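To keep things clear, I will list the structure first and then write my remarks on it.
To find a chain, count down the sequence lines: A is the first, B the second, and so on, and within it residues start at 1. Only this structure's heavy atoms are used, side chains among them; waters, hydrogens and symmetry mates stay out. It should be emphasised that the depicted structure is a prediction, and the values quoted were computed from it without experimental measurement.
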Protein chains: 2
Amino acid sequence: MLNYSTSEENHIKAIFHLQKQDGTVTTNELANELNTKPASITDMMKKLKAKKLVNYQPYQGFRLTNDGNKVALGIIRRHRLWEYFLAEKLKFSWDEVHEVAEDLEHVSNKKLVDKLDEYLGFPRVDPHGDPIPDANGKIETTKKICLTDLPVNTPATVSSVSDQSSEILELLEHKKISIGTKLEIRKKFEFDHSMEIKIRQQAAFNISGQLAKNIFVKYGS
Amino acid sequence: MLNYSTSEENHIKAIFHLQKQDGTVTTNELANELNTKPASITDMMKKLKAKKLVNYQPYQGFRLTNDGNKVALGIIRRHRLWEYFLAEKLKFSWDEVHEVAEDLEHVSNKKLVDKLDEYLGFPRVDPHGDPIPDANGKIETTKKICLTDLPVNTPATVSSVSDQSSEILELLEHKKISIGTKLEIRKKFEFDHSMEIKIRQQAAFNISGQLAKNIFVKYGS
DNA sequence: GAAATTATTTAGTTTTGTCTAAAAATATTT
DNA sequence: AAATATTTTTAGACAAAACTAAATAATTTC
């Protein structure tokens, strides 16, 4: 596996994440995600196309090639392993790990990463509940759904949380909701999209629609 | 504390290390240390002078300012803490840690480094026996001497080893010499600078002059 | 101490990654 | 479908960090 610059890696990673939603990624979407100008994106995409990491015809949007996908999974593996390390070992709080991992993820020494993985006990998800690719780039793809889309009275388990601000962390801690929490919805209120939820051995309580939008669950308990 | 590029940091670190011997560092010495060309050094020194990290008059050699020294100690702190982490936690062998730490040292997040330090239990020396600067940049300066300069029959403790190849590691492991080993010299042989040394509860044995040159000790046991 | 050698600096180029402004292609409106 | 608006690309510029080749300063040698 060749080596890529920090900038190249950041572009690859951004495409990977944006691809999730749509199939392809546009110049403006990328420029926005990376806080650069569209012209810079075009330049970088030409380069990544030349390296066969991205498929791209002018004006047609971008998508990662198989090789590009592998590179992206390597970056994400490093990022999430470091996040796990920071939270688990160094006791960083959940909302601080992302920023630090943004730097550490670019140290791409395979032996380092694999030994870190082993040291951490081969964790399967990072502190936000996102799955960590293994040494071969294999990633768990349990389809998670947004809490707002969970039907009423259906057992589910919190699998990840999208927003990474300290504000949401504070709220989640107060409500005792974290990755792995088993819950079900008792009632949804159309008016403000708030809902009443029930956690085992606790009284039911209310959460706002805005909070629910940032919580993802998988079916089952 | 401002942020410096990887290249700037590498230059600062190189000056710091080369300053040890002589008082000032020359263009050629630096170019040689960093595997670059003298012209590139001149360019970088102008830049570091403008940032008040280096004192420099054309043709007069370089030396770090107080600020430059602080920056260097920060880099060395990060380097040695990561080395300790790699050896102690990830079980890298002694001769592998330097290279990996060369990359990790440039991630200069103060909170990360201080929490890492705490997690490791505030180690005072790295796996080669070199002292680790504390969060304030204070560094232990026990004057260590080369084993070749240790007088005969004088108790001493191995404090560091300079060469970092796997070959020397293999030899040291075989001879059961490591950081902290207490020993004394029984006899020095002028002819090839080899010497007979004695470790407590072991039979005396011989080491070559070349090996002795790479072992540093401090007085006492 | 003049000549030769060595070290250092200057001048001009290259590559990477970004930018702005203008041009071209695509999408949207009416 | 023509006009307008938006998106994307091109063209040209700039800063960082390196380089080569040539010029200049310092040092060494005879």
Side-chain angles (χ1 to χ4, degrees), chain A residues 2-15 18-19 21-64 68 71-72 75 102-103 105-108, chain B residues 2-15 18-19 21-64 68 71-72 75 102-103 105-108:
Chain A
L2 291 170
N3 244 54
Y4 302 101
S5 73
T6 295
S7 178
E8 288 171 329
E9 289 192 345
N10 284 335
H11 282 79
I12 292 164
K13 193 176 47 148
I15 299 173
L18 292 172
Q19 256 184 194
Q21 280 93 329
D22 337 56
T24 75
V25 182
T26 69
T27 306
N28 267 357
E29 281 174 331
L30 262 181
N32 188 58
E33 174 80 8
L34 292 164
N35 291 309
T36 59
K37 302 292 166 179
S40 309
I41 298 297
T42 302
D43 286 347
M44 182 56 87
M45 291 305 115
K46 283 182 189 166
K47 196 169 145 192
L48 294 181
K49 182 189 180 179
K51 295 191 178 187
K52 297 187 191 304
L53 297 173
V54 159
N55 282 133
Y56 158 55
Q57 294 300 112
Y59 298 98
Q60 299 291 123
F62 324 111
R63 102 184 310 155
L64 294 175
V71 174
I75 301 164
E102 286 289 292
D103 288 333
E105 72 185 8
H106 299 295
V107 176
S108 57
Chain B
L2 292 170
N3 244 53
Y4 302 101
S5 73
T6 296
S7 178
E8 287 172 330
E9 289 192 344
N10 284 336
H11 282 78
I12 292 164
K13 191 176 50 150
I15 299 173
L18 293 172
Q19 256 185 193
Q21 279 93 330
D22 339 56
T24 75
V25 182
T26 68
T27 306
N28 267 356
E29 282 174 330
L30 261 183
N32 188 57
E33 174 81 7
L34 293 164
N35 292 306
T36 59
K37 303 292 167 180
S40 310
I41 298 297
T42 303
D43 285 348
M44 182 56 87
M45 291 307 114
K46 283 183 189 165
K47 196 169 145 192
L48 294 181
K49 182 188 180 179
K51 296 190 179 188
K52 297 187 192 302
L53 298 174
V54 159
N55 282 133
Y56 157 57
Q57 295 299 112
Y59 298 98
Q60 299 291 123
F62 324 111
R63 102 182 311 156
L64 293 175
V71 174
I75 302 164
E102 285 289 292
D103 288 333
E105 73 185 8
H106 299 296
V107 177
S108 56

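To the nearest angstrom, C1' of C:dC19 lies 14 Å from CE of A:Met44. Rounded to a whole Å, the CD atom of B:Glu8 is 12 Å from the C1' atom of D:dA15. Atom CE of B:Met45 is separated from atom C1' of C:dT8 by 13 Å (rounded to the nearest Å). The distance from atom NZ of B:Lys37 to atom C1' of C:dT9 is 16 Å, rounded to the nearest whole Å. In this structure, B:Asn35 places its CG atom 12 Å from P of D:dA18, rounding to the nearest Å. Rounded to whole Å, the distance from CG on B:Asp43 to P on C:dT14 is 16 Å. Rounded to an integer number of Å, the gap from CG of B:Leu30 to C1' of D:dA18 is 15 Å.
B:Thr42 pairs by the side chain to side chain contact (heavy atoms under 4.5 Å, CB included) definition with B:Thr27, B:Lys46, B:Tyr56, not counting sequence neighbours. Shown here are the salt bridge (Lys or Arg N to Asp or Glu O under 4.0 Å) partners of A:Glu33, two or more places apart in sequence or in another chain: there are none. Applying the side chain to side chain contact (heavy atoms under 4.5 Å, CB included) rule to A:Asn10 yields the partners A:Thr6, A:Lys13, A:Leu34, A:Glu105, A:His106; only residues at least two apart in sequence or on another chain are considered. A:Asp43 pairs by the side chain to side chain contact (heavy atoms under 4.5 Å, CB included) definition with nothing, not counting sequence neighbours. Evaluation of the salt bridge (Lys or Arg N to Asp or Glu O under 4.0 Å) rule for B:Lys49 yields no partner, not counting sequence neighbours.
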Quiz item: Could you write nucleotides 3-9 of chain D as a row of B, S and -, 5' to 3', where a protein heavy atom under 4.0 Å of any base atom gives B, of only sugar-phosphate atoms gives S, and otherwise -?
Solution: ----SBB

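The backbone N or O of B:Ser5 sits less than 3.5 Å from a side-chain atom of B:Glu8, completing a donor-acceptor pair.
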